[in-house]
Amino acid sequence: MQETLHLSSAITPLPLPNPNFPSTPRPKHLQFPPPPSTKTISIKSPANPVPPPTPQTSQIQEIILYLDSLGVDSFHCLHSHPPLLSTPVSQIQSTVAFLLSLGLTVPDLRRIFPMCPDLLSSPTSATVIRATTFLLREARVAAPDLRRVIHRRPRLLTCSVDRQLRPALYFLQGTIGIEDVSKFTFLLSCSVESKFIPRIEYLQKLGFSYRDTIAMFRRFPSLFCYSIKENFEPKFDYFVVEMGRDLKELVAFPHYFSFSLENRIKPRHGMCVEKGVCLALPTMLKLSEVRFRARLEVCCSSSAPVRSSPFWINTHGDDVT
C-alpha cells in the first residue's frame, strides 16, 4: 500500500506567455483560482511506527504515578528536588515501606515528602535506616516518640551519621552540656561549624562571657535556630538602647529572643513605661494579654507597704524601727 498520498490541483496551469511578445490581459471570466497547496497525508503502517518511550521517560511516569497513588504532591517533589528524576521507583517504594514500618501513616508521608523530597532519593539502607538506628540508640529517642521526631524534622533521616548527626550530638552533650538531647533532636541536623559556633561567638561579641553564653544555650537550646541578622541584632539593640536593661536578665531568660519584637516586646515595654512599671522579662513577655494587663493594673493601683511591713524598702536611709 502506498504510504503517502499527494493531493494536487486537477487544473493544469496555463502556459507562461512568450517573453518576446506582449501578452494580453486575461478576461476576468477566465481567471482561475490559484491551485491549492499540496498536502501530505501520512498513513501509519508497520514501516512508520510511533517511537517507544525512552527508559527515562517511563521511569519518571512511574514515579509520578506512584507518588500520586499515595496522595503526595509529585510535581512539587520533582520540581524542588531534580535528583528524584533519576531515582529508581524500587528505592522509593523501599523507603516508603520502611517509614510505614516505623509507625508513620500515609497522611504523614503526604506531609514529610514535600517538606523533604531528599528523603525520596536517599538510599534506604545506607542512609535512612542508619540514621533511624542512630536516633534510637545514640540520641536515645524512645520508640513511641520516633514518629513525632520524624514528623517534625524529616531531614534527620537524610543526614550522614558520621559527618552530621554524631558531631552535632557530641557538641550538644559535651560543649553545651545538654543531658537529654532527645528533646532537641531537630538540632542534630544543624552544622556545628556553620550554625552552632557562629552564634556562640556572636553573643560573646555582644559582651556575654563564654560561661554565660553556654549557659544561655543550655537553658534554651532553640536559640541555635535563630538568625543573627534578623533576630539577635534587632532584639538585642532594642533591649539595650530602648529598654536599657542589664545583660544578666538575658542570661537568666534567653527565651526573650523567641518573642516577636513588633507584636510582643515593643508593645508591652511601651505599656510598662507608660504606667511607670518595670516588670521582670518572664512576667512581661510570658503572660497572656489579659493577665499581663491585669498585672499592670495591680502594680499601678497598689499602695506602698507600711513601714512595719517586711516588703517596705528604706529608700531614704532612715533607720527602720
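Fair warning: this is a prediction, and the values are worked out from it, not measured in the lab.
Using a 4.5 Å cut-off on side-chain heavy atoms (C-beta onward), Leu99 and Leu119 make contact. Side-chain contact between Leu65 and Val89 is absent, with no heavy atoms from C-beta onward closer than 4.5 Å. Taking the side chain as every heavy atom from C-beta outward, Thr175 and Phe196 never approach each other to under 4.5 Å. Looking at Ser189 and Arg153, their side chains come closer than 4.5 Å, going by heavy atoms from C-beta outward. The closest side-chain heavy-atom distance from Leu157 to Thr127 is not below 4.5 Å. Using a 4.5 Å cut-off on side-chain heavy atoms (C-beta onward), Cys116 and Thr158 make contact. Taking the side chain as every heavy atom from C-beta outward, Phe75 and Asp73 approach each other to under 4.5 Å. Using a 4.5 Å heavy-atom cutoff, the side chains of Val96 and Leu70 are in contact.
Arg155 meets the side-chain hydrogen bond (donor to acceptor under 3.5 Å, both in side chains) test with no other residue; sequence neighbours excluded. The side-chain hydrogen bond (donor to acceptor under 3.5 Å, both in side chains) search around Arg147 returns Asp108, not counting sequence neighbours. Residues meeting the side chain to side chain contact (heavy atoms under 4.5 Å, CB included) test with Thr87, sequence neighbours left out: Leu84, Gln91, Ile92, Ser121.
Rounded to the nearest 0.5 angstrom, Ile200 CD1 and Ile214 CD1 are separated by 4.0 Å.
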Original post:
Stepwise, does the side chain to side chain contact (heavy atoms under 4.5 Å, CB included) test hold for Leu285 with Phe253?
Top reply: CA-CA 11 Å; Leu285 298 176; Phe253 188 67; 4.2 Å; yes
Original post:
Between Leu156 and Ile150, does a side chain to side chain contact (heavy atoms under 4.5 Å, CB included) hold up when you go through it step by step?
Top reply: CA-CA 7 Å; Leu156 286 168; Ile150 298 175; over 6 Å; no
**OP:** For Ser182 and Asp180, run side-chain hydrogen bond (donor to acceptor under 3.5 Å, both in side chains): C-alpha distance rounded to whole Å, both residues' side-chain angles, the deciding distance at 0.1 Å, then the answer.
**Re:** CA-CA 5 Å; Ser182 65; Asp180 189 4; 2.4 Å; yes
Subject >> Derivation and outcome, side chain to side chain contact (heavy atoms under 4.5 Å, CB included), residues Val251 and Arg219 >> reply: CA-CA 9 Å; Val251 176; Arg219 291 191 179 102; 3.6 Å; yes
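Using a distance-only test at 3.5 Å, with no hydrogens or angles considered, a donor-acceptor pair links the side chain of Arg199 to the main chain of Phe224.
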